[in-house]
Amino acid sequence: FIDSYSGDFWADWRDDTAGLALSIHQAQRNFPKALQVEPGGIACWLFPADAPPARFLRGMAKTHALQLHFHAPDLPLKTCSVRSLQFQMPDWPRLTRAWYRENNPWREAFFPEVIPNRLISFLSALHDQRPHAMGMFHVGDAPDSGYSEGTGRGQMVWVNNEYDRPHCCTLFYCLTGQRRVLDSALASARHWLDVDLCHYHPDPLVEGGLGIHSPYHVTRGAKPSHEWTEGILDYYFLTGQREALEGARSVAENIMRHMALPEMRTPGEAAVREGGWALRALVGMWHATGEESWKAEAKRIAHLFVEWFRCFGGLMAPHTDHTLPRTPFQNSITAVSLGQYLLVEDDPAVRELIVAVVDDMIEHCTGPDGVFFFSEFPAAQLAAPTPHVLDALTYAYRITGKIAYLKIAARNFAALMDQPKDAWHWGGKVLDASGAIVSGHGSARSFENRYPSLVLFAGTATPLGLLDWYEYAVDRSPHRG
């Protein structure tokens, strides 16, 4: 699995008195690289002079990790190899799912005691089927064929880990203990901190933000609907690297600048998901830091949606110049973020709003089969059981105790699982015009788009028997941790 890459790349130099072994972390994935050993020592080339030029755009960075192993002159080369391999793939401690359930830093029910084994298998396959990329500016990210063949017009569009892949991988690792999933979380967060986080730009709406999915990562600017903080914060707490906390703060401050714009503060003027994802990012910052400024802005955004619903009778937003349709995937993302806000402050108005948004979507945005469609706009009333309605409906059940919400969610869960899988296959390796080597073809965001919704819903529905049908025929005892 590419994120758990075990290839090694090291050189050793020694004389009669001492020695030095130098290892470059995952050099093959972070190519081009070179090592040269001469009588006077080791030359380490993080970007060899004879390599083809690489595009290094404004705002990008790249971190490299080296191991300098000073040793006695008679140390066996095998020992040098072992130390280098430990640097490439170090041991990590692992805690049980029960520990995370009892000491939950995220405060949400991401670690249910009972969940179908079949769902664990589905999520593992979804995680692993992401296209794999190699190259020093590409490792930890992946191109998405849907974007590339659409908005990219044939250029490879990098998904920039949208829907917060680092966070979803961290949660899945804590649920299952699968090491390669942890490696995915670390690799994708590291890519964010280097390439997608804008380290400098004269435009304050781009400066310090995460880039939206783009050809060559950083060519389309930043906006709140494609910025996340939780995965970067997970990286900080997993590694202790303070630059991650500073990176999350940078992203959150960029979001705050966007949310100060007049259109972001006026109901019905911007897409619903802009404020929805902004709310989620700021709630994450409050959980991590306890700083009241994040909570205050989260509360302001939550009550903007209360006013929005009151003004229009629903979370309606512009689609064409003359329409304000409801869009379930955007409205449910926002309902879920409002549910996350309740972990910060139990606000009766927000609880009422979540239920109202869910009821409004059920009334206006479902087909005769009870499955949600993509948008209320007639041309987009395609059956689209968006994963985010599952946890929105779960929040409505929590607030009201009405199991009808979970039954609707179960129907949409079944429709989601019946949908054709993303067109994905391994294929051979492709050398992109930018210098990236990519294997696999298909969606780069299917796992993170679905993971939290599926787990929160399944963790609630399984003990109630609503997912008994979704289990291996030979194994009706749900997966326990």
Side-chain angles (χ1 to χ4, degrees), residues 1-51 54 56 60-95 132-141 166 169-170 173 177-195 232 234-247 435-437:
F1 185 71
I2 195 70
D3 290 341
S4 297
Y5 196 76
S6 58
D8 205 4
F9 192 68
W10 61 279
D12 182 68
W13 178 95
R14 64 183 71 195
D15 61 15
D16 294 337
T17 60
L20 169 65
L22 188 152
S23 179
I24 303 176
H25 187 252
Q26 297 198 349
Q28 291 89 344
R29 290 192 71 201
N30 286 285
F31 74 85
K33 295 288 175 285
L35 291 171
Q36 183 176 358
V37 184
E38 299 175 338
I42 302 172
C44 174
W45 297 89
L46 297 180
F47 198 92
D50 59 352
F56 189 75
M60 281 183 171
K62 176 59 187 177
T63 299
H64 291 92
L66 310 177
Q67 182 186 63
L68 302 179
H69 174 199
F70 296 94
H71 58 77
D74 57 349
L75 186 75
L77 286 178
K78 184 175 181 179
T79 303
C80 294
S81 174
V82 169
R83 288 289 296 274
S84 182
L85 287 167
Q86 289 172 332
F87 173 58
Q88 303 296 338
M89 186 178 288
D91 292 337
W92 275 83
R94 188 176 71 186
L95 299 169
H132 298 157
M134 300 174 76
M136 61 181 280
F137 291 119
H138 313 294
V139 61
D141 197 4
C169 290
T170 299
Y173 168 68
Q178 298 179 93
R179 167 60 187 271
R180 72 188 186 287
V181 180
L182 170 65
D183 291 333
S184 289
L186 298 175
S188 52
R190 185 68 260 170
H191 176 87
W192 259 0
L193 288 169
D194 280 344
V195 176
I232 302 177
D234 294 340
Y235 185 83
Y236 167 65
F237 286 110
L238 285 168
T239 67
Q241 294 187 27
R242 192 167 185 82
E243 64 172 312
L245 179 59
E246 294 167 353
I437 292 177

[atom1]/[X] to [atom2]/[Y] distance, rounded to the nearest 0.5 angstrom?
{"X": "L85", "Y": "S23", "atom1": "CG", "atom2": "OG", "result": "8.0 Å"}
{"X": "I232", "Y": "Q241", "atom1": "CD1", "atom2": "CD", "result": "12.5 Å"}
{"X": "L182", "Y": "W92", "atom1": "CG", "atom2": "CH2", "result": "5.5 Å"}
{"X": "D141", "Y": "D194", "atom1": "CG", "atom2": "CG", "result": "12.0 Å"}
{"X": "L22", "Y": "I42", "atom1": "CG", "atom2": "CD1", "result": "5.0 Å"}
{"X": "Q26", "Y": "D3", "atom1": "CD", "atom2": "CG", "result": "8.0 Å"}

Please find the pair of heavy atoms, one from [X] and one from [Y], that lie closest to each other, and give the distance.
{"X": "C44", "Y": "I24", "value": "SG-CD1, 3.7 Å"}
{"X": "W13", "Y": "P39", "value": "NE1-O, 2.9 Å"}
{"X": "D183", "Y": "S4", "value": "OD2-OG, 2.5 Å"}
{"X": "A189", "Y": "P166", "value": "N-CG, 3.7 Å"}

For H191 and F137: C-alpha separation, side-chain torsions, deciding distance, then whether ring-ring contact (aromatic ring centres under 6.0 Å, His included) applies. CA-CA 8 Å; H191 176 87; F137 291 119; 9.1 Å; no

Decide whether Q36 and E38 meet the rule of one side-chain donor and one side-chain acceptor closer than 3.5 Å. yes

Will you find, in the side chains of R190 and T63, an N or O donor that is under 3.5 Å from an N or O acceptor?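 There is such a pair (donor and acceptor under 3.5 Å, judged by atom type) between the side chains of R190 and T63.
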
Mark yes or no for whether [X], through its side chain, and [Y], through its backbone, hold a donor-acceptor pair below 3.5 Å.
{"X": "K33", "Y": "L46", "result": "yes"}
{"X": "Q28", "Y": "F9", "result": "no"}
{"X": "D234", "Y": "F237", "result": "no"}

[X] versus [Y]: any side-chain heavy-atom pair under 4.5 Å?
{"X": "R29", "Y": "I2", "result": "yes"}
{"X": "T239", "Y": "L186", "result": "yes"}
{"X": "S184", "Y": "F1", "result": "yes"}
{"X": "D8", "Y": "W10", "result": "yes"}
{"X": "R179", "Y": "R94", "result": "no"}
{"X": "Q178", "Y": "Y173", "result": "no"}

Can you pull the ring-ring contact (aromatic ring centres under 6.0 Å, His included) pairs that have at least one residue in residues 21-50, sequence neighbours excluded? H25-F87

So does D91 have more than 12 non-hydrogen atoms from other groups sitting under 6.0 Å from CG? no

Derivation and outcome, side chain to side chain contact (heavy atoms under 4.5 Å, CB included), residues H138 and N30: CA-CA 8 Å; H138 313 294; N30 286 285; over 6 Å; no

Return all side-chain donor-acceptor pairs below 3.5 angstrom for residues 67-83, not counting sequence neighbours, or 'none' if the list is empty.
{"unit_1": "H69", "atom_1": "NE2", "unit_2": "R83", "atom_2": "NH1", "d": "3.3"}
{"unit_1": "H71", "atom_1": "NE2", "unit_2": "D12", "atom_2": "OD1", "d": "2.6"}

